[in-house]
Amino acid sequence: MQALWMLLASAMFAIMGSFVKLSAEHGASLAQVVLFRGLPSIILLLIWARAARQSIVPTSWRLHIWRNLSGVTSMWLGFYALSHLPLATATSLNYTAPLFIACWMLGWGGAQRDLVRIIAVALGFLGVIAVLRPSINDDQWLAAMLGLSAGALSAIAMMQIRQLGRVGEPEWRTVLFFSVAVCVSSFVGLAWQGWGTADMIGYGALVGVGTAGLFGQLAMTRAFGHGAALLTAALQYSTIIFAALIGVGFWGDMLDGLAWAGMALIIAAGLLSVWRTMRDPAQR
């Protein structure tokens, strides 16, 4: 069941990335994108918590602080990369997080230091390279390095999400506090950048960023909070497949044979992880 949550999250984040790209193309500033990413989540989750008489007091302030510091910083860097690089290149850099998670598991993962899962994640990363093959121009190295840094920080945030799930923090509260931190950071950005010049399409894309991001965040939080970490990391690679299909449908991106082979490799890596997890009931 956790695999399905991660697949849903991957689809939503691929859609969100497309909206980020579209909003930037139509005059939205980076601070606006960040604001619209967090604001819908705050409004809807507060309304739901009020109606359901749920407490918003967190189980662990410390875990939320570390999760939000890494997650918000990763979001800013990732959105910057999406705004300044081709969609395929930025996506490939932003989604290197599972590789960093695998490295962490290899060194300190204890019981989850499983060779089959490590191989699956490594194969998935090779598939990402084959599908997206980043090509960086001389004036794009800063954006590329920031995109790669976003992947590393995202890995830290995902491990904190897992810890929050282990201490009993519900998914909606984790997303709520993350969204609050996102909006606070956007106010700082707006004070520095000012309001953007988005047109109607740009504002529509900004709404799409927030909506897709909300559903993706909830699904990802559920997957990482209760599933096997490396399985969830491997399935996260499906975001690349969804993004590639969106690129073909809406941006006219043409994929060659090597790119399609990379997609097959990504799928194979995910299936390998699913098979290994099904063979190990303790990690389901």
Side-chain angles (χ1 to χ4, degrees), residues 2-22 24-25 78-79 81-103 115-137 140 143-144 147-148 150-151 154-155 158 205 208 212 215-216 219-220 223 227-228 230-278:
Q2 307 311 322
L4 296 179
W5 283 115
M6 194 62 234
L7 289 175
L8 174 61
S10 296
M12 289 295 101
F13 284 132
I15 293 171
M16 185 194 71
S18 299
F19 279 132
V20 170
K21 186 74 173 176
L22 183 62
E25 291 175 351
F79 284 179
L82 283 168
S83 300
H84 292 81
L85 295 173
L87 182 61
T89 302
T91 304
S92 66
L93 295 173
N94 290 346
Y95 280 87
T96 54
L99 180 62
F100 290 102
I101 291 176
C103 293
L115 179 60
V116 174
R117 292 192 180 96
I118 295 294
I119 292 174
V121 175
L123 289 177
F125 186 61
L126 290 176
V128 171
I129 295 174
V131 170
L132 301 175
R133 299 187 305 280
S135 56
I136 306 300
N137 298 326
Q140 295 177 326
L148 187 61
S154 180
M158 289 173 184
F215 288 108
M220 186 194 74
L230 283 179
L231 167 63
T232 309
L235 291 178
Q236 189 188 24
Y237 283 126
S238 61
T239 303
I240 306 301
I241 299 175
F242 293 124
L245 294 176
I246 291 173
V248 171
F250 292 93
W251 273 273
D253 297 336
M254 300 303 296
L255 301 177
D256 57 20
L258 182 59
W260 290 111
M263 286 186 184
L265 189 58
I266 293 169
I267 295 172
L271 292 176
L272 179 61
S273 292
V274 171
W275 173 81
R276 184 63 184 88
T277 299
M278 294 301 293

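Reckoned from all heavy atoms, side chains included, excluding hydrogens, waters and symmetry mates.
Closest non-hydrogen pair, Asn94 versus Leu82, comes out as ND2-CG, 3.9 Å. Listed here is the closest heavy atom pair of Met220 and Ala9: N-CB, 3.5 Å. Contact record, Leu7 with Phe242: O-CE1, 3.7 Å, taken as the closest heavy-atom pair. Summarising the geometry of Leu93 relative to Ala144, their closest heavy-atom pair is CD1-O, 3.4 Å, with the distance given to 0.1 Å. Nearest heavy atom pair, residue Ser18 against residue Ile246, reads OG-CG2, 3.1 Å. The two atoms that bring Gly147 and Ala81 nearest to each other are CA-CB, 3.8 Å, heavy atoms only.
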Decide side-chain contact (heavy atoms from CB on, under 4.5 Å) for Met16 and Phe79; before the verdict, give the C-alpha distance in whole Å, the side-chain angles of both, and the deciding distance to 0.1 Å. CA-CA 10 Å; Met16 185 194 71; Phe79 284 179; 4.0 Å; yes
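Taking OG of Ser238 as the reference point, atom CE of Met6 lies at 6.5 Å (rounded to 0.5 Å).
Every side-chain contact (heavy atoms from CB on, under 4.5 Å) that Ala243 has, sequence neighbours left out, goes to Ala14, Thr91.
Remark: side-chain polar atoms of Ser154 are not paired, donor with acceptor, to backbone N or O of Ala150 under 3.5 angstrom.
Counting only residues at least two apart or in different chains, side-chain hydrogen bond (donor to acceptor under 3.5 Å, both in side chains) contacts with residues 239-250 comprise Ser10-Thr239.
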